[in-house]
Amino acid sequence: MRVTRSYVDAPLAVGQTLSLPEEVANHLVRVMRLREGEGCVLFNGDGHDYAATLVESGKRDARVRIDAAQALDNESPLSITLLQGIARGEKMDLILQKATELGVQAIVPVNAERTEVKLDAARAEKRLAHWRSVVVSACGQSGRARVPEVAAPLGVQEAAKAMPAEALKLTLDPLGEHRLSTLEAAPGGVVIAIGPEGGWSPRDRQALAAAGFQGLQLGPRILRTETAGLAAIAALQARLGDIG
């Protein structure tokens, strides 16, 4: 029987009794019908799963006791950062969800020249909170106990310059100098930059090239933004990571 994993943004320790956040309590008690004395699993991003028992439930809250902790070792040996041109609504959610399942360690949403979604400060803050919740949910589903970082949106030049100098920095290009077979692991991991629905503009490509990004050929077909990053991540994991 599959045990529900729930994220709790708090320190966890064996023997501890704690009140669950309202959203988590509601999901476990109202949706999953967890009863007192039954078990669940909590995680907080520290690399462990915490087996817990529901000890008390009320109309608005629930308390659990942490019974055991188990260190998980299912993170990829390949550090992948995804620079993703911001996509519309559900497309962006899909990218974040599946990239998390595929094992990325960090995601940087990028405001490119051809980004169709324009966010002011208030909307950007709300979208960032939503994106992070999507990633947390994907960790719960996929069994990851480390939560990938989702950065605040950046411009292309700013995001590109912020990447580690020692990383292998790539962007998809049908005429690129790299193929999967020529790639070698780099000490700073891999950064893959994927354009928005409208693609990278010439100015965006210049900014990426100036920051050391190189072209990667990934087949002869043009991929949509919601396909490109996921295909690239899966291919990189198969070539240098833990898929295959």
Side-chain angles (χ1 to χ4, degrees), residues 1-76 80 82 84 87-107 109 123-152 226 229-230 233-234 237 241-243:
M1 180 178 176
R2 183 175 176 180
V3 178
T4 301
R5 298 176 74 242
S6 299
Y7 177 77
V8 176
D9 186 14
L12 299 173
V14 176
Q16 174 187 8
T17 299
L18 75 154
S19 295
L20 294 174
E22 183 176 351
E23 182 179 350
V24 175
N26 183 68
H27 178 72
L28 290 176
V29 177
R30 312 286 185 270
V31 179
M32 302 305 297
R33 303 294 184 184
L34 194 71
R35 298 180 179 180
E36 292 181 11
E38 294 182 336
C40 61
V41 174
L42 306 180
F43 71 103
N44 65 358
D46 70 354
H48 294 76
D49 268 359
Y50 293 86
T53 300
L54 182 66
V55 295
E56 182 182 344
S57 62
K59 292 183 178 180
R60 296 184 178 179
D61 61 0
R63 291 177 62 80
V64 297
R65 181 186 65 245
I66 307 298
D67 300 317
Q70 178 184 5
L72 296 188
D73 184 21
N74 60 7
E75 293 298 307
S76 173
I80 301 177
L82 172 64
Q84 174 64 50
R88 290 184 178 275
E90 293 183 359
K91 289 184 181 181
M92 192 68 177
D93 289 359
L94 175 71
I95 294 165
L96 294 167
Q97 181 188 70
K98 302 309 178 186
T100 299
E101 292 177 19
L102 287 167
V104 298
Q105 290 196 4
I107 301 162
R123 288 188 64 202
E125 186 176 350
K126 290 181 180 179
R127 294 309 297 171
L128 181 58
H130 171 74
W131 292 335
R132 287 173 174 168
S133 73
V134 170
V135 166
V136 164
S137 179
C139 286
Q141 180 277 325
S142 63
R144 292 186 66 176
R146 299 281 183 186
V147 179
E149 177 187 357
V150 183
E226 67 269 29
L230 304 181
I233 293 165
Q237 289 283 36
D242 61 357
I243 292 179

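Along the sequence shown, residues are numbered consecutively beginning with 1. FYI, side chains are in, hydrogens and waters are out, and symmetry mates aren't considered; it's all heavy atoms of this structure.
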Taking every non-hydrogen atom, the tightest pair across Ala62 and Ala25: CB-CB, 3.8 Å

Donor-acceptor pair, side chain of Asn74 and main chain of Gly143, under 3.5 angstrom: yes

Minimum-distance pair of heavy atoms, taken over all atoms of Asp49 and Ala145: OD1-CB, 4.4 Å

Minimum heavy-atom distance between Leu12 and Asn44, given as atom pair plus value: N-ND2, 3.6 Å

Side chain to side chain contact (heavy atoms under 4.5 Å, CB included) evaluation trace for Leu34 with Cys40: CA-CA 8 Å; Leu34 194 71; Cys40 61; 4.1 Å; yes

Any side-chain heavy-atom pair of Val136 and Asp9 under 4.5 Å: no

Stepwise side chain to side chain contact (heavy atoms under 4.5 Å, CB included) test for Leu20 and Asn26: CA-CA 9 Å; Leu20 294 174; Asn26 183 68; over 6 Å; no

Heavy-atom side-chain contact between Ile243 and Leu102 under 4.5 Å: yes

Heavy-atom closest pair, residues Asp67 and Ala52: OD2-C, 3.7 Å

Value rounded to 0.5 Å, distance of OH in Tyr50 from CG in Leu18: 11.5 Å

Atom pair CZ (Phe43) and SG (Cys139), whose distance is rounded to the nearest 0.5 Å: 5.5 Å

Rounded distance (nearest 0.5 Å) linking atom OG1 of Thr17 with atom CD of Glu56: 10.0 Å

Taking every non-hydrogen atom, the tightest pair across Arg5 and Arg144: NH2-O, 3.0 Å

Candidate pair His48 and Gln70, rule side chain to side chain contact (heavy atoms under 4.5 Å, CB included), full reasoning: CA-CA 5 Å; His48 294 76; Gln70 178 184 5; over 6 Å; no

Value rounded to 0.5 Å, distance of CG in Leu128 from NZ in Lys126: 13.5 Å

Neighbour count >12 (heavy atoms, 6.0 Å) for atom CD, Glu22: no

Any donor-acceptor pair under 3.5 Å from Arg65 side chain to Gly15 backbone: no

Derivation and outcome, salt bridge (Lys or Arg N to Asp or Glu O under 4.0 Å), residues Glu38 and Arg35: CA-CA 6 Å; Glu38 294 182 336; Arg35 298 180 179 180; 5.3 Å; no

Backbone N/O of Asp46 and side chain of Arg146: donor-acceptor pair under 3.5 Å: yes

Ionic contact status for Asp61 with Arg63, cut-off 4.0 Å: no

Pairwise side-chain contact, Ser142 with Glu101, heavy-atom cut-off 4.5 Å (strictly under): yes

Worked verdict on Leu230 versus Glu226 for side chain to side chain contact (heavy atoms under 4.5 Å, CB included): CA-CA 7 Å; Leu230 304 181; Glu226 67 269 29; 5.9 Å; no

Residues Gln97 and Ser137: side-chain donor-acceptor under 3.5 angstrom: no

Within 6.0 angstrom of Gln16 CD, more than 12 heavy atoms from elsewhere: yes

Side-chain touch Leu82/Leu96, heavy atoms, less than 4.5 angstrom: no

Nearest-0.5 Å distance that lies between atom CD1 in Ile80 and atom CD1 in Ile233: 6.0 Å

Rounded distance [0.5 Å steps], NE2 in His27 versus OG in Ser6: 5.5 Å

